[in-house]
Every structure is written in structure tokens, then in C-alpha cells.
Amino acid sequence: TFHFQSSHVTSLMELPFYILNGVLAGVFGVYFQRSIIWSMDFYRKNLAHIPAIYWGGLAGLMTGIVGLWVPQALGGGHTTLEGVLASAYSWWVIPVIFIAKYFLTCVAYGSGVPGGIFAPALILGALGAAMLGHLLDLAFPGLEIDPANFAFVGMGGFFTAISRAPITSIVMLFELTGNYQLVLPMMFACIIANISAERLREGSIYENLLDREGINIKEFSPPSYLQKFCVEDAMTTKVDVVRHDMSLEELNQVFESSDHSGFPVLNEKNEPVGVVTTQDLHQVHESQLDETTKVEEFMSADLKVLSPHDNLHTAILNLYQFKIGRLLVVDETKSNKLAGIITRSDIINFEANQELDY
């Protein structure tokens, strides 16, 4: 555990800075992941002529050299971390410790004799966020920003960025410090760090390390409950559709008389050829096209379809992967006729009914 007595956030003006803290934690967390992988590759590609049993000795030598100048970067870092949280270091010392700790962590992990990732992640997160806190305090002296608060929040944000587990990070930091005064900033920073990191690189550092060894963790995951059911069990079969040759004027009337946000588009053979949504309609209105323009000229022709016999787990994954609201269900045994549509709501309602029946 760590001893940390923080002050409350005294102004709402500080909250955007904690969001910035989360963004930077996400970015640096991803680069930390890449640095760890790069270090492992460096040893294996450039030091292959040296027996692997000596790699640890090389890492120890470099650690000793750096430690002569920056002893705060050595060991588990408990004392260093408490010093950062207590604002015991001058602003110019913190970046020196950060660079040294970052370097030594990568060197040690790449050698094959690492001391772990958890503790270094906490220290790096605290050091990086403390630097940000000092810069903000210099830029906005009237807000009386406490760099130690940023260090505390940065610990959670940085660990979230490499673990992709924001809730775990939040709870863990509160348990380690026993301090609950920065609940809101911590939540902001961890959630934003998770989103930022996932945008830059998918998967946590632990998943990346397993992938590097050829282990796909998803293969060892228990099968989804939704894999037991087919799309036809939950899909909507009574589907309102529009024709491909319908005019823009007619389509406007259809949307005005319906609460749907989109419709499948069928051709003269009653085969699905596209989808038209309210977003397409807005873009058409902005383009000021003629009211006689046919639906087929501005519909989305990139169809994402499923078979009635696909499972619901595949359906929900596709909905999130393609970031769409609905999937068309096409029956290949019946000349690719539209069998129905399925949405997130269909799957959620179906699952809820199953639980009630159980």
C-alpha cells in the first residue's frame, strides 16, 4: 500500500486537465507496449550470437550504470512512488527518473529476466502525470494545481492504457492508497485512457505478448452463451422495405410516416441491394438533389448480411465491428431473398426472454 493524502479538486476548471491526463496516458501507454515488444525483438534479432543466458547479465550491467546516476529508477520503486505522491522531487528531477525507469524497464523485459510490468507501469504513470501537473501549475498558477493529484490519477490512467481494464485500475488504486477523494478525476482519466489506447492499438500488453508467442487467448475463452442460438431465433421477420426505383419524394414520405431510422432496399426480384438510412437522407438534402432522384442513386450498397443459421454471437460481433444498427438476414436457399433483419435490441430482448423462461 501507499500513503497518499490528496486534496479535493477545488475547481471544475481542473477536470479537463484530468481528461488530458487520460489522453496522454493512453498515448504513452501504447508506446510503452510497443517499446516492450521492440526490446524483446531487439535482443532476439541483434544479440542472437550471444547466448540468451547472458542477456540478463547485459541488462544488469546497464541497470547498474544507470543506477549510479539515477538510483530512484532502481528496484520495485515503492520509495520513489511515495516520493512522487508526496511531491518530494523537484520538477526537473521527475523527467530524469521517468526516462531512466522507462529505459531500464524495456531493457530488463527484453532480456528475458523482467521484474514485471505492474509496478513499473504505476511508477511511469505517476511520473508522467506529475510532469503534466507541474507544467499545468506553471501555466495556470491561479488554479493551485497539485501535481501529486495528477500523479495519483496518472497511475490509474497509464495502467489502464496497457491493461485495458479501467474498472480494475480504478478499484485497485483506491485499494492501494485508501484515498477516495479523487474518484471523479480517476474515472475520467481511466475511461479516456482506455478509449485513447484502444484507438491506437487493439489489445492489452498481456494479449500482445501472448500473440507474439503464437497464443490466441480467444481460442481458450469459454464459448459465448449466444452461440447456442441462431439468428432466425431472434430476428425480425416483418420488415418494412423500400424499392430501389422509389423517388426521393416518396422516400421522404415513408420516413415521415415511420419511426424507423433505416430500410432495406429491394430490387425488382425482391433481392436486397442496399440500405437507406436517415443519415443518407440528410446527406441527400444537403446535396440538394432533385425530388425525382431514385433511391438506388444514393443508398448504401455495401451490404452486411447474415444467414438465418448463423449464431447470435456472430451477429453481435458484426454489429459492433461494422458499427451499424442493423444486419440484413438473407436466405441463400431461397434465391437470396430477404428473410428479416436483426438489431442489437432484437438480441438483447431475445436474451432477456431466455433468462425469464429459465
Side-chain angles (χ1 to χ4, degrees), residues 1-30 32-33 76-89 91 94 97-98 101 116-200 203-206:
T1 59
F2 301 96
H3 301 291
F4 174 54
Q5 295 296 325
S6 69
S7 57
H8 289 285
V9 176
T10 57
S11 172
L12 290 177
M13 290 291 293
E14 291 185 48
L15 289 180
F17 297 139
Y18 285 104
I19 294 175
L20 175 62
N21 192 347
V23 173
L24 294 178
V27 173
F28 280 105
V30 168
F32 178 68
Q33 287 184 234
H78 188 281
T79 302
T80 301
L81 189 52
E82 287 204 332
V84 175
L85 295 176
S87 299
Y89 297 112
W91 66 268
I94 292 176
I97 302 174
F98 178 87
K101 189 66 178 180
I117 293 178
F118 173 69
L122 294 184
I123 297 167
L124 290 172
L127 290 167
M131 285 191 284
L132 175 63
H134 279 290
L135 290 174
L136 292 173
D137 188 39
L138 291 173
F140 305 97
L143 293 179
E144 299 182 353
I145 291 174
D146 185 357
N149 286 356
F150 278 80
F152 172 70
V153 172
M155 292 165 62
F158 194 85
F159 186 71
T160 295
I162 68 169
S163 68
R164 309 301 162 84
I167 304 301
T168 299
S169 300
I170 293 169
V171 174
M172 176 188 66
L173 262 296
F174 290 141
E175 288 296 320
L176 283 175
T177 62
N179 190 300
Y180 298 90
Q181 294 178 323
L182 296 172
V183 173
L184 186 59
M186 176 67 79
M187 289 182 175
F188 271 125
C190 288
I191 297 300
I192 296 298
N194 189 63
I195 295 172
S196 301
E198 198 65 21
R199 292 271 184 174
L200 294 173
S204 69
I205 190 170
Y206 304 108

**Message:** Is any side-chain heavy atom of F174 closer than 4.5 Å to one of V183?
**Reply:** yes
**Asked** Do S87 and D146 have side chains that get closer than 4.5 Å, going by heavy atoms?
**Response** yes
Rounded to the nearest 0.5 Å, what's the gap from [atom1] on [X] to [atom2] on [Y]? Could you check?
X	Y	atom1	atom2	result
I123	T79	CD1	OG1	9.5 Å
L132	D137	CG	CG	11.0 Å
M172	F118	CE	CZ	4.0 Å
Y89	L127	OH	CG	8.5 Å
I145	H134	CD1	NE2	11.5 Å
F188	I170	CZ	CD1	11.0 Å

**Item:** Residue F32 excluded, over 12 heavy atoms near CZ under 6.0 Å
**Value:** yes
**Request:** If the plane angle is over 60° it's perpendicular, under 30° parallel, otherwise tilted; pick one for Y18 and F150.
**Result:** parallel
Would you list the atom pairs, donor with acceptor, under 3.5 Å between side chains in residues 154-161 and any protein atom, with sequence neighbours excluded?
| unit_1 | atom_1 | unit_2 | atom_2 | d |
| --- | --- | --- | --- | --- |
| T160 | OG1 | G156 | O | 2.7 |
| T160 | OG1 | S169 | OG | 3.0 |

**Asked** Run the side-chain contact (heavy atoms from CB on, under 4.5 Å) check on V84 and I97 step by step: do they pass?
**Response** CA-CA 10 Å; V84 175; I97 302 174; 5.9 Å; no
**Message:** Minimum heavy-atom separation for V153 and P185, please, with both atom names.
**Reply:** CG1-O, 3.8 Å
**Request:** Give the C-alpha distance, both sets of side-chain angles, the deciding distance and a yes or no for side-chain contact (heavy atoms from CB on, under 4.5 Å) between F17 and L143.
**Result:** CA-CA 11 Å; F17 297 139; L143 293 179; 3.5 Å; yes
